[in-house]
Novice: 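Quick one: the structure is below, and I'll ask about it shortly.
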Amino acid sequence: DAASVALREESLDFDQLPDDVPVSANIADIEEKRGFSSYYVFVIEVKTKGKSRYMIFRRYSQFYRLHAKLEERYGAESKNSSFTCILPTLPGKVYVGAKKEIADSRIPTLNIYMKKLLSLLPCVFLDEDIRLFFCQSEFDTNQIPQGLRRLRPRTRRVKSVSPQEPGFDRLAAPRVEALFDFTASNKLELSFKKGDLIYLLSRVNKDWFEGTLRDATGIFPCDFVSVIKDLPQEEDPINWLRCYYHDDNVSSIRDISVEEDLSSIPLFQDLMELIRREFERNDIALNYRDAEGDLIRLLSNEDVALMVMQGRSWPSEKHIFPWKLHVTREDDYSIYHSTKPAIST
């Protein structure tokens, strides 16, 4: 692989690097997703030093956040590290144009960006944020289309992972313990006995791991093992927007899953379209409660920004936006004449 050759030339310590270190990444496709509005993710095939391959799904905003962290940590102007370097150039943000065309146009430059990023010195590309960015998280495995989840990868033979090897860190290695005997049904699978310690190489999908035991490597079902130390995971990007729906003096609560950062500020029109789709009606109005408990109707982007700003000072739960929406009928103005909340927020 050209990427691993380049990496070997850049570093005399290539052979000492872990097998799960990514050595190349290429965008295979783009897919449309929906948050407050539609957006596109890049479907990226990652190859590791140990010859493993897997898919990850990343938004441009995740590239942008990673690059900002690296600039702060290692950029030429950084004051936070004794080591600085020339980082690859990330394509800038684009605010005008069709989203699909923008995503398509970014593919070549993002491929170059990832290639250069993975050719940096080990002290940079082994950075925790880079490792997490290229790691296959549980979210990534759940994004693989159902038809592809049933496809099992070609098994690869790798150098055996052994606690007897010099420098092996027994406590740091991702590993599982077999709860039951498992007999492989084909050459792709890994056989083991109850009590065997299996070192993890990758998560194939939500149901299968890939691991190595003594001199064999293969895949095996997650239900047959107990995880002692899991593979590193990226935090789940799914967050929840809590809505209080008021109709004819009856209030109910609905949480809507949104693939957006908790600090993001949606546009008013995107928020309206999201709620109209969710509740399947167009005659609605969006509101929020102010500090006095009164409902305030949202009419513009400025109103939404004010709601979000006030929400940041309110108590919040993990993965739930701190601001809450109150959904009412568009022609119902009676709810604005009471300062008594119909339901607690």
Side-chain angles (χ1 to χ4, degrees), residues 1-28 30 41-95 102-103 105-137 139-140 158-159 166-169 172-174 201-202 231-235 237 261 263:
D1 188 286
S4 60
V5 171
L7 181 58
R8 186 185 296 273
E9 291 175 349
E10 292 281 348
S11 171
L12 297 176
D13 298 322
F14 179 83
D15 290 333
Q16 281 72 52
L17 296 175
D19 274 353
D20 65 349
V21 165
V23 294
S24 73
N26 287 282
I27 297 170
I30 58 172
V41 295
F42 299 96
V43 185
I44 304 167
E45 182 186 42
V46 178
K47 299 177 186 177
T48 69
K49 178 195 167 199
K51 311 271 185 225
S52 176
R53 298 185 183 203
Y54 53 83
M55 309 300 285
I56 60 174
F57 297 72
R58 298 292 180 266
R59 298 180 64 171
Y60 172 79
S61 60
Q62 291 173 283
F63 277 95
Y64 190 85
R65 286 198 296 270
L66 172 66
H67 189 72
K69 290 178 181 178
L70 297 178
E71 282 285 3
E72 183 179 352
R73 208 167 293 157
Y74 306 110
E77 304 299 322
S78 173
K79 298 179 181 178
N80 300 319
S81 173
S82 57
F83 174 81
T84 61
C85 66
I86 299 175
L87 294 169
T89 302
L90 182 72
K93 290 184 175 182
V94 179
Y95 297 96
I102 292 173
S105 69
R106 281 176 169 157
I107 291 176
T109 49
L110 286 178
N111 278 336
I112 293 172
Y113 177 79
M114 290 188 292
K115 180 180 179 180
K116 291 184 177 180
L117 194 64
L118 295 176
S119 298
L120 293 171
L121 293 173
C123 60
V124 178
F125 77 77
L126 290 179
D127 181 276
E128 181 181 5
D129 285 310
I130 294 181
R131 295 292 298 275
L132 286 175
F133 181 88
F134 287 105
C135 173
Q136 188 183 46
S137 67
F139 169 76
D140 294 321
V158 297
K159 184 180 178 183
F168 181 83
D169 190 341
L201 298 171
S202 69
L231 293 158
Q233 298 288 319
E234 185 180 75
E235 188 168 347
D261 188 87
S263 63

Novice: Answer yes or no on whether Arg106 is positioned over the face of Phe42, meaning its NZ or CZ is under 6.0 Å from the six-membered ring centre and within 45° of the axis.
Specialist: no
Novice: Roughly how far apart are Met55 CE and Arg53 CZ, rounded to 0.5 Å?
Specialist: 10.5 Å
Novice: Output yes when a side-chain donor or acceptor of Asn111 lies under 3.5 Å from a complementary backbone atom of Ile27, and no otherwise.
Specialist: yes
Novice: Heavy atoms only: give me the nearest Ala103-Ile30 pair and the separation to one decimal.
Specialist: CB-CD1, 4.0 Å
Novice: CG of Leu87 to NZ of Lys116: how many Å apart, nearest 0.5 Å?
Specialist: 11.5 Å
Novice: Tell me, do Arg131 and Asp20 make a side-chain contact under 4.5 Å, heavy atoms counted?
Specialist: yes
Novice: Please tell me whether Asp127 and Tyr74 have a donor and an acceptor in their side chains that are separated by less than 3.5 angstrom.
Specialist: yes
Novice: Quickly, which of Leu120, Ile130, Leu90 forms a side-chain contact (heavy atoms from CB on, under 4.5 Å) with Leu70? Name it, please.
Specialist: Ile130
Novice: Any sub-3.5 Å donor-acceptor pair from Gln62's side-chain atoms to Arg59's backbone N or O?
Specialist: yes
Novice: Applying side-chain contact (heavy atoms from CB on, under 4.5 Å) between Tyr54 and each of Thr48, Leu201, Asp140, report the one that passes.
Specialist: Thr48
Novice: Compare all side-chain heavy atoms of Glu45 with those of Asn26 and state whether any distance is below 4.5 angstrom.
Specialist: no
Novice: Judged by atom type as modelled, is there a donor-acceptor pair below 3.5 Å linking the side chain of Arg58 to the main-chain atoms of Phe133?
Specialist: yes
Novice: Roughly how far, to the nearest 0.5 Å, is the CD atom of Gln136 from the CZ atom of Phe57?
Specialist: 8.5 Å
Novice: Mind running salt bridge (Lys or Arg N to Asp or Glu O under 4.0 Å) on Asp129 and Arg65 for me, showing each step along the way?
Specialist: CA-CA 10 Å; Asp129 285 310; Arg65 286 198 296 270; over 6 Å; no
Novice: Could you report the tightest heavy-atom contact between Phe134 and Ala25, atom names first, then the distance?
Specialist: CE2-CB, 3.6 Å
